[in-house]
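Okay, structure first, notes after.
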Amino acid sequence: MFTEVNVDVCVSNYTIIDPEIYQLWVEGFSYAEAAAFLTTKGGIFAEVPYELISSDVQDHYRTYAMLEKFLHAPPKLSGQLTFQICPQDRSLLIDRYYSLDDTVARELFGKKFNTRNRKDLDEVAEKTGVRLKSCRRQFDNVKRIYKAVEESQGSIANNIRHQFVLPEELAQKYAAVVFIACLRFETTKRKLQYLNFKDFYECSQVLMTYWTYTYQHSGAEYLDTEMDKEFLLDLRDMRDLLDKEKEIKHLVTLRLKPTLLERAYQEVENNFRTYYRAIIMMACNLHRTREMRLLFVEMTERLIEPWKQNGWTKDQVQLFLQCIWKCVLDLEVPRDNQDIRCLWDRYMQVINVCLCRMYHS
């Protein structure tokens with residue numbers, strides 16, 4: 001007589017994601033290079049035959065290659081039924097696949113995301129020390145994100161975060177790249193090569209915050225990839241501040257004298273007219289598309305290079321900008337021209353951050 005036995009059977013194809021091997025795949029290691037790297041690393045791999053390590057790495061690489069099509073549209077990763085992946089591993093797959101090296105991102109500024117530039121990525125790989133396969137992955141990711149959000153309504157970073165399931169910090173990095181590309185800012189000139197990704201990142205953030213339509217408007221229909229044209233046209237009114245040059249100079253030098261060494265103070269006093277007019281005239285010309293695209297070049301040529309030639313420190317740059325910003329706001333202006341204070345304040349929010357960030361002592 002047989003006894004009835006009830007057995008519960010569960011068949012699963014749960015996909016194991018090895019973070020270390022996946023990282024090597026993301027960084028562009030071939031499976032042979034990855035296996036060799038793990039072999040020489042020691043630790044748990046010290047006594048494992050190379051053949052077993054190589055076979056394991058190849059299995060993982062095959063899995064990641066099959067997953068890649070889902071990573072091109074990250075929301076699909078949670079909906080697909082081919083692979084069973086826990087939420088934590090899904091996040092790891094997406095975050096690392098869309099990781100962006102600052103050095104590579106800097107080289108992508110100013111480039112069009114076309115086939116020709118993709119073919120030239122070997123130069124980027126050589127310059128940055130990042131493997132060519134990883135450079136291509138990053139280029140393709142930027143291109144994919146750019147095409148997905150360039151004309152989307154609302155915040156770039158929010159659109160990136162939602163459409164590609166990226167963490168906030170990573171979405172902001174991509175937003176900076178997309179913003180620079182959309183507005184076609186000049187970033188490739190030789191005199192700008194000293195600027196790194198973080199410099200342009202900070203400048204992009206403050207530009208999106210203060211000079212786009214989202215500054216005074218809310219709602220999904222307003223984009224932070226579109227400059228506030230009315231504001232830029234109104235900046236022409238700041239030409240009136242040229243007539244206040246002597247008054248502003250007196251206020252600025254009065255405030256700076258107790259805080260600067262005599263040599264630094266004399267330099268500001270002797271060249272105040274040059275620096276003041278440069279700041280005002282940049283504002284008056286920003287309504288022209290070409291002048292906006294050359295913003296970083298203009299700041300470098302008109303202010304940063306002269307300051308460096310005259311031995312300014314970064315602290316001196318920050319002090320001067322804060323002082324001139326405050327002195328203009330404190331200036332008495334006619335009742336019918338009160339808007340000039342708001343224009344100046346909004347303008348200087350960006351100029352102050354950009355110049356301080358771009359000035360490398």
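Values reported hereafter were calculated over all heavy atoms of this structure, with side chains retained and with hydrogens, waters and symmetry mates removed. Numbering of residues begins at 1 and proceeds along the displayed sequence. Only a predicted model underlies this, so the values are computations on that prediction, with no experimental measurement involved.
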Hey, does the side chain of S204 reach the backbone of F200 with a donor-acceptor pair shorter than 3.5 angstrom?
-> yes
When rounded to the nearest 0.5 angstrom, what is the spacing between CG in L195 and CZ in F109?
-> 10.5 Å
Backbone of V130 reached by a side-chain donor or acceptor of D101 within 3.5 Å | no
Are any of the side-chain heavy atoms of L321 and C356 separated by less than 4.5 Å?
-> yes
Do D345 and V328 touch side chain to side chain, with heavy atoms closer than 4.5 Å?
-> no
Ring centroid separation for H360 and Y194, is it under 6.0 angstrom?
-> yes
Using the rule that two of Ile, Leu, Val, Met, Phe, Trp, Tyr join whenever any of their side-chain heavy atoms come within less than 4.5 Å, decide whether Y265 and L254 are in one cluster.
-> no
Taking the side chain as every heavy atom from C-beta outward, state whether Q163 and S152 have any atom pair closer than 4.5 Å.
-> yes
CZ of R239: more than 12 outside heavy atoms within 6.0 angstrom?
-> no
K308, NZ: over 12 other non-hydrogen atoms inside 6.0 angstrom = yes
Shortest non-hydrogen contact between L294 and E186, atoms and distance | CD2-CB, 3.9 Å
What do you reckon, is CD of Q88 surrounded by more than 12 foreign heavy atoms closer than 6.0 Å?
-> no
Do other residues, nucleotides or ligands put more than 12 heavy atoms under 6.0 Å from the NZ atom of K76?
-> no
Salt bridge E269-K257, side-chain N to carboxylate O under 4.0 Å = no
Do R137 and S134 meet the criterion of a side-chain donor-acceptor pair at a distance under 3.5 Å?
-> yes
Is it true that Y347 and L233 fall in one hydrophobic cluster, defined by side-chain heavy atoms closer than 4.5 Å?
-> no
So does R255 pair up with D330, basic N to acidic O under 4.0 Å?
-> yes
N159 side chain to S155 main-chain N or O, any donor-acceptor pair under 3.5 Å?
-> yes
So, W325 and Q349: side-chain donor and acceptor under 3.5 Å apart, yes or no?
-> no
Got a donor-acceptor contact below 3.5 angstrom from the N285 side chain to the M281 backbone?
-> yes
Does R346 count as lying over the ring of F231, i.e. NZ or CZ under 6.0 Å from the six-ring centre, within 45 degrees of the axis?
-> yes
Please collect all salt bridge (Lys or Arg N to Asp or Glu O under 4.0 Å) contacts where either partner lies in residues 190-214, sequence neighbours excluded, each pair once.
-> K191-E301, K191-E305, D199-R357
P74 and Y98, any side-chain heavy atoms less than 4.5 Å apart = yes
I would like to know whether V104 and L121 meet side-chain contact (heavy atoms from CB on, under 4.5 Å); could you show each step before the answer?
-> CA-CA 10 Å; V104 174; L121 287 175; over 6 Å; no
Show your reasoning for whether side-chain contact (heavy atoms from CB on, under 4.5 Å) applies to K244 and E247.
-> CA-CA 5 Å; K244 302 289 185 179; E247 191 175 346; 3.9 Å; yes
Working for side-chain contact (heavy atoms from CB on, under 4.5 Å), residues H60 and T63 | CA-CA 5 Å; H60 279 281; T63 299; 5.6 Å; no
In Å and rounded to the nearest 0.5 Å, what is the CG to CE distance from L295 to M299?
-> 4.0 Å
From M238 atom CE to D240 atom CG, the distance as rounded to the nearest 0.5 Å | 10.0 Å
Parallel, tilted or perpendicular for H72 and Y97, by the 30°/60° rule?
-> tilted
Decide whether a cation-pi geometry holds between K112 and Y146; the criteria are a distance under 6.0 Å from NZ or CZ to the six-membered ring centre and an angle within 45° of the ring axis.
-> no
Does some side-chain heavy atom of Y64 sit less than 4.5 Å from a side-chain heavy atom of I17?
-> yes
Report yes or no: does R341 contribute a side-chain atom to a donor-acceptor pair with the main-chain N or O of L331 at less than 3.5 Å?
-> yes
Distance col, row E298:CD vs E291:CD, nearest 0.5 angstrom, shows 5.5 Å
By side chain to side chain contact (heavy atoms under 4.5 Å, CB included), which residues pair with Y50, not counting sequence neighbours?
-> A35, T39, S54
Is it the case that more than 12 heavy atoms not belonging to Y201 sit under 6.0 Å from its OH atom?
-> yes
Return the minimal non-hydrogen interatomic distance between W211 and V350, and the atom names on each side.
-> NE1-CG2, 3.3 Å
For this output row, return yes or no: ring centroids of W312 and F320 closer than 6.0 angstrom.
-> yes
Assign the ring pair Y215 / Y210 to parallel, tilted or perpendicular, where the plane angle (0 to 90°) is split at 30° and 60°.
-> tilted
Mind checking what makes side chain to side chain contact (heavy atoms under 4.5 Å, CB included) contact with T209, not counting sequence neighbours?
-> none
Would you check if the side chain of E168 reaches a backbone N or O of A171 as a donor-acceptor pair within less than 3.5 Å?
-> no
Keeping the roles fixed (side chain from S99, backbone from R96), state whether a donor-acceptor pair exists under 3.5 Å.
-> yes
For the pair F296 and F185, name the ring-plane relationship: parallel under 30°, tilted 30 to 60°, perpendicular over 60°.
-> tilted
Heavy atoms of I279 and M348 approach each other most closely as CG2-SD, 4.1 Å
Taking 4.0 angstrom as the limit, do R62 and D59 come out as a salt bridge?
-> yes
Donor + acceptor pair across side chains of Q23, E27 (<3.5 Å) = yes
Hey, is the main chain of Q266 close enough, under 3.5 Å, to the side chain of N270 for a donor-acceptor pair?
-> yes
Flag for E230-Y213: side-chain donor and acceptor within less than 3.5 Å = yes
So does K173 pair up with D102, basic N to acidic O under 4.0 Å?
-> yes
Is there a side-chain contact between W25 and E68, using heavy atoms and a 4.5 Å cut-off?
-> yes
Does F29 have R131 sitting over its ring (NZ/CZ under 6.0 Å from centre, angle to axis within 45°)?
-> yes
Would you find a donor on one side and an acceptor on the other, under 3.5 Å apart, between the side chain of Q80 and the backbone of F83?
-> yes
Enter the distance from K229:NZ to L286:CG here, rounded to the nearest 0.5 Å.
-> 13.5 Å
Could you please spell out the steps behind the side-chain contact (heavy atoms from CB on, under 4.5 Å) verdict for I145 and L166?
-> CA-CA 11 Å; I145 289 176; L166 300 184; 4.3 Å; yes
Where is the tightest heavy-atom contact between L260 and L319, given as atom of each residue plus distance?
-> CD2-CD2, 3.8 Å
Return the minimal non-hydrogen interatomic distance between T82 and F70, and the atom names on each side.
-> OG1-CZ, 4.3 Å
For the residue pair T188 and G110, what are the closest heavy atoms and their distance?
-> CG2-CA, 4.1 Å
Heavy-atom side-chain contact between F197 and V177 under 4.5 Å | yes
Any side-chain heavy atom of L241 within less than 4.5 Å of one from I248?
-> no
How far does CG of N271 sit from OH of Y275, to the nearest 0.5 angstrom?
-> 4.0 Å
Between E267 (side chain) and N310 (backbone), is there a donor-acceptor pair under 3.5 Å?
-> no
